[in-house]
Number of protein chains: 2
Amino acid sequence: MPAFQNAFESHDHAHCADDVLARVRVIVQKNKLRLTPVRQRTLEILLESHKALGAYEVLERLAAEGFGHQPPVAYRALDYLVEQGLAHRIRRLNGFAACMYPGADHEPAFLICKSCDKVAETKGSAFDPALNQAAKTHGFHIERSNIEAMGECASCKGVL
Amino acid sequence: MPAFQNAFESHDHAHCADDVLARVRVIVQKNKLRLTPVRQRTLEILLESHKALGAYEVLERLAAEGFGHQPPVAYRALDYLVEQGLAHRIRRLNGFAACMYPGADHEPAFLICKSCDKVAETKGSAFDPALNQAAKTHGFHIERSNIEAMGECASCKGVL
DNA sequence: GGTCGTTATGTTATGATATAACCCTTTAAA
DNA sequence: TTTAAAGGGTTATATCATAACATAACGACC
Ligand SMILES: [Zn+2]
Ligand SMILES: [Zn+2]
Ligand SMILES: [Zn+2]
Ligand SMILES: [Zn+2]
């Protein structure tokens, strides 16, 4: 288990990203995933920063590197990563972010800084208890939940 | 306080919607809101069902009733309702739903049935404790949070 | 009531996001 | 080595959202 990295603070991000990639490689082996060149590069691009990227931003990068130039190229790679739990979709930003806890079987939740646009993923493992309670009351079976919190990170708050 | 209505079960929805509208009227008075004809109709349209509506679906309805025919007409009315807390945006569905607890100062959370597309809003009042904890760890100040849970309602599960 | 800044509502045009449908290539299984 | 399934490229189009501008209604004030 890696040391906790605060996405909002400056840190050795190369190490931070490599660490995720190392865990991804294990999962790829274990689950016999086909992490093809486009998919691999897409994941690496997402891992370059703690910001969520739009599909078209990813596409630009891929195209510049010799992959296809059309939207489905990016969407397919991104969708695959999301399906495999290696990336998450951040609806509020119409964007995608690499999963920081691949293989950890968690309900993703995100802290999104409105000032610097960085995104931190939290590794909660279960659903919000209040949500669970509500589901029970409604007779509803939750399969997936998405939590996106908007606010401001400490670094940005300090600057203001 | 109105009786709890399970959005997924059949119920006296006319009463359910009227009840919300009654509470909206109080808020409009109290906060001196300008619930103009387009805005009022937009809210009523959202209240017709427990499904989230896309902006263009709302627009179609408004246009048919003599209001403007262009997207900004719908988006402006919807954005206003959201700003005033009378409606919520459901990012996962690219849609909007009337707030079922107007004036109740709550962090909205939604249960979305993948089969019948109905949406139930829960009246949790505070942030997810795990999310709060994560925010604390990250030195992050949460302003708003959105919780959207996908799954299946009891009615639909029974049918399958 | 008339003046005037603010808010509201309509328009046209465009931007941004996402998917459908098709074709050929690669992969891995029989 | 044949063959079905998955991948990756294309063109075209669907869907969602906003920018920019013009006119009309409102409301505070004199
Ligand atoms: Zn990092
Ligand atoms: Zn920040
Ligand atoms: Zn109802
Ligand atoms: Zn249902």
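Numbers restart at 1 for each chain; the letters A, B, ... are given by sequence-line order, proteins then strands.
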Margin query: For A:His106 and A:Tyr101, take the angle between the two ring planes, folded into 0 to 90°, and tell me which bin it lands in: parallel under 30, tilted 30 to 60, perpendicular over 60.
Written below: perpendicular

Notebook entry, point to check: Nearest-Å distance, CD (A:Glu83) to C1' (D:dA6)?
Noted result: 12 Å

Check: Separation of A:Gln40 atom CD from D:dG8 atom P, in whole Å?
Finding: 12 Å

Notebook entry, point to check: Would B:Arg89 and B:Leu78 satisfy side chain to side chain contact (heavy atoms under 4.5 Å, CB included), going step by step from the backbone distance to the final call?
Noted result: CA-CA 9 Å; B:Arg89 191 158 194 160; B:Leu78 289 165; over 6 Å; no

Next item on the list: Could you tell me whether the side chain of A:His11 reaches within less than 4.5 Å of the side chain of A:Asn6, counting heavy atoms only?
Entry: no

Notebook entry, point to check: Could you go step by step and tell me if A:Glu48 and A:Arg61 meet the side chain to side chain contact (heavy atoms under 4.5 Å, CB included) rule?
Noted result: CA-CA 12 Å; A:Glu48 284 176 6; A:Arg61 295 288 311 277; 2.8 Å; yes

Notebook entry, point to check: In whole Å, what is the span from the CG atom of A:Leu33 to the P atom of D:dG7?
Noted result: 10 Å

Note to self: Looking at every non-hydrogen atom in both residues, tell me the closest pair between A:Gly68 and A:Val73 and how far apart they are.
What the structure shows: CA-CG2, 3.8 Å

Margin query: Among residues 65-81 of chain B, which ones have heavy-atom contacts with DNA chain D below 4.0 Å?
Written below: B:Pro71, B:Pro72, B:Tyr75

Item checked: Distance, rounded to the nearest Å, where A:Leu35 contributes CG and D:dG7 contributes C1' -> 13 Å

Notebook entry, point to check: Starting at CZ of B:Arg92 and ending at C1' of D:dC16, how long is that distance when rounded to a whole Å?
Noted result: 17 Å

Check: Whole-Å distance between D:dC16 P and B:Ile90 CD1?
Finding: 15 Å

Notebook entry, point to check: Salt bridge check: are A:Arg91 and B:Glu148 linked by an N-O gap of less than 4.0 Å?
Noted result: no

Note to self: Pick the closest DNA chain C nucleotide for A:Asn94 and for B:Arg34 by heavy atoms, then say which residue is nearer the 5' end.
What the structure shows: B:Arg34

Note to self: Assess whether a salt bridge exists between B:Lys51 and B:Glu57, defined as any Lys/Arg side-chain N lying under 4.0 Å from an Asp/Glu carboxylate O.
What the structure shows: no

Note to self: I want to check one thing: is the phosphate of C:dT17, taken as OP1 and OP2, less than 4.0 Å away from some side-chain N or O of A:Arg91?
What the structure shows: no

Next item on the list: Answer yes or no: is there a side-chain heavy-atom contact under 4.5 Å between B:Lys114 and A:Glu143?
Entry: yes

Check: Axis-to-axis angle across the helix from C:dG1-D:dC30 to C:dA30-D:dT1, five pairs an end, to 10 degrees?
Finding: 40°

Next item on the list: Nearest whole angstrom, please: distance from the P of C:dA18 to the CD of A:Glu57.
Entry: 12 Å

Checklist line | Euclidean distance, atom CZ of residue B:Arg41 to atom C1' of C:dT9 [Å, nearest integer] | finding: 18 Å

Notebook entry, point to check: Judged by atom type as modelled, is there a donor-acceptor pair below 3.5 Å linking the side chain of A:Ser155 to the main-chain atoms of A:Phe8?
Noted result: yes

